Each structure stands twice: as structure tokens, then as C-alpha cells.
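Since this is a predicted model, take the numbers as computed values, not measurements. Any value given below was found using the heavy atoms of this structure, including those in side chains, with hydrogens, waters and symmetry copies removed.
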Amino acid sequence: QDQLVESGGGSVQAGGSLRLSCTASGYTYSAYCWGWFRQAPGKEREGVARIFRGDGSAYYADSVKGRFTISQDNAKKTQYLQMNSLKAEDTAMYYCAAPRNKLDCYSASWFDRGSWGQGTQVTVSS
């Protein structure tokens with residue numbers, strides 16, 4: 001079964017940290033890349049970070065560069081999103097995603113097609 005399961009969301013004050021985890025099963029484990037996107041109420045989805053399974057190359061949205069770090073543990077079939085220096089504008093539902101198509105990994109909307117997790121809420125209070 002193709003599945004992505006997230007954990008680690010919660011509420012934190014501005015300046016704090018959270019770590020999200022996502023564990024893969026089925027095809028999602030072998031996807032060429034995977035990562036995180038978020039969506040806040042009334043806003044469009046935003047790709048936050050993605051990592052390529054093969055060489056571990058990581059790419060970030062400008063809004064999170066220097067604050068968020070994506071990593072993966074292939075043995076555990078798990079990826080992590082370490083979020084530091086959180087801001088109120090980081091408040092959103094965060095989803096783990098794995099594109100089905102390798103070429104999608106090179107698109108700004110890489111998360112649009114493929115599998116998503118159920119989402120985990122991150123709330124940052126100022």
C-alpha cells in the first residue's frame with residue numbers, strides 16, 4: 001500500500017522549533033524525490049522543501065531557507081523536517097508528499113501529483 005504517515009506537528013511560540021517526520025511505504029519509498037508542502041487557510045499550497053533520494057540534494061522555499069532542514073534516513077524509510085526559528089507565518093497544515101513522476105521533482109509544483117500524507121498541523125503563536 002502506498003502511504004505516507006506524518007507526525008510531529010503541534011503548537012509553539014515564535015522562535016521555537018519543531019521536527020516533523022514522515023514514514024513511507026509502497027511506491028512512495030522509491031519515489032525519486034519527496035518532501036513537504038504546506039497550506040494555510042485561504043492561501044495556496046507552498047512547496048517547503050524536497051530532497052532527492054539518490055544523492056540527498058535538498059531544495060527549499062525562499063521563505064524557509066536557513067531555518068528549515070530536510071533530511072532522510074533510508075534505512076527507516078523516513079524523512080524529517082527540522083523547523084527552527086519558527087514564525088507566525090509558518091502556521092499551516094504540513095503535508096508529506098512524493099511525486100510519482102521523476103520529472104515532477106524538477107518542477108516548482110513538484111507536490112501537485114503523487115501521494116500525500118494526511119497532514120499535520122503546525123501553529124506558531126507570536
Side-chain angles (χ1 to χ4, degrees):
Q1 182 178 4
D2 300 334
Q3 195 172 15
L4 296 166
V5 179
E6 304 108 331
S7 62
S11 297
V12 66
Q13 289 191 332
S17 298
L18 285 172
R19 189 176 81 155
L20 306 182
S21 300
C22 173
T23 300
S25 61
Y27 102 87
T28 57
Y29 173 62
S30 60
Y32 194 70
C33 73
W34 57 334
W36 299 86
F37 73 93
R38 65 188 180 186
Q39 188 164 26
K43 295 188 177 180
E44 293 187 353
R45 291 190 292 266
E46 176 188 25
V48 174
R50 67 192 187 276
I51 187 167
F52 285 67
R53 288 190 190 279
D55 64 4
S57 298
Y59 298 87
Y60 299 91
D62 288 342
S63 58
V64 306
K65 279 181 182 176
R67 300 188 297 121
F68 290 11
T69 302
I70 189 170
S71 61
Q72 59 188 358
D73 184 331
N74 289 331
K76 295 182 179 179
K77 301 181 181 180
T78 299
Q79 64 163 304
Y80 306 96
L81 185 68
Q82 178 66 43
M83 305 185 294
N84 298 329
S85 302
L86 283 161
K87 305 175 181 179
E89 50 263 44
D90 294 318
T91 295
M93 186 72 81
Y94 284 70
Y95 297 87
C96 182
R100 286 190 174 274
N101 189 325
K102 172 182 175 178
L103 292 179
D104 286 341
C105 290
Y106 298 95
S107 167
S109 57
W110 60 270
F111 47 86
D112 272 350
R113 299 187 298 178
S115 290
W116 298 356
Q118 80 283 359
T120 186
Q121 179 67 37
V122 171
T123 302
V124 184
S125 57
S126 57

When rounded to the nearest 0.5 angstrom, what is the spacing between [atom1] in [X] and [atom2] in [Y]?
X	Y	atom1	atom2	value
S57	I51	OG	CD1	8.0 Å
L4	C22	CG	SG	4.5 Å
S71	R19	OG	CZ	7.0 Å
Y32	D104	OH	CG	13.0 Å

Under 4.5 Å side-chain linkage, directly or through intermediates, the cluster mates of L103: none
Between F68 and L86, is a side chain to side chain contact (heavy atoms under 4.5 Å, CB included) present by the stated rule, with each step listed? CA-CA 9 Å; F68 290 11; L86 283 161; 3.8 Å; yes
With sequence neighbours excluded, what pairs up with [X] under the side chain to side chain contact (heavy atoms under 4.5 Å, CB included) test?
X	value
K77	Y29
A49	Y60, I70, L81
S11	T123

Checking the side chain of [X] only, and the main-chain atoms of [Y] only, is there a donor and an acceptor separated by less than 3.5 Å?
X	Y	answer
Q118	V5	no
Q39	A92	no
R113	S109	no
S115	Q3	no

Is it true that V122 and Y95 fall in one hydrophobic cluster, defined by side-chain heavy atoms closer than 4.5 Å? no
With the 4.5 Å side-chain cut-off for hydrophobic clustering, are M93 and W110 part of the same group? yes
Taking all non-hydrogen atoms of both residues, which atom of P99 and which atom of A31 are closest, and how far apart? O-CB, 3.6 Å
With a 4.5 Å limit on heavy-atom distance, are the side chains of [X] and [Y] in contact?
X	Y	answer
R50	F111	no
L20	M83	yes
W34	C96	yes
Q13	S125	yes

Check: F52 ring centre within less than 6.0 Å of Y106 ring centre: yes
Would Q82 and Y80 count as a side chain to side chain contact (heavy atoms under 4.5 Å, CB included) here? Give the steps. CA-CA 6 Å; Q82 178 66 43; Y80 306 96; over 6 Å; no
Sorted by chain and residue number, the side chain to side chain donor-acceptor pair (under 3.5 Å) partners of K65 (sequence neighbours excluded) come out as D62
Qualifying residues under salt bridge (Lys or Arg N to Asp or Glu O under 4.0 Å), relative to R38, sequence neighbours excluded: E46, D90
Would you please test V124 and E89 for side chain to side chain contact (heavy atoms under 4.5 Å, CB included) and show each step? CA-CA 8 Å; V124 184; E89 50 263 44; over 6 Å; no
Q79 and W36 side chains, donor-acceptor separation under 3.5 Å: yes
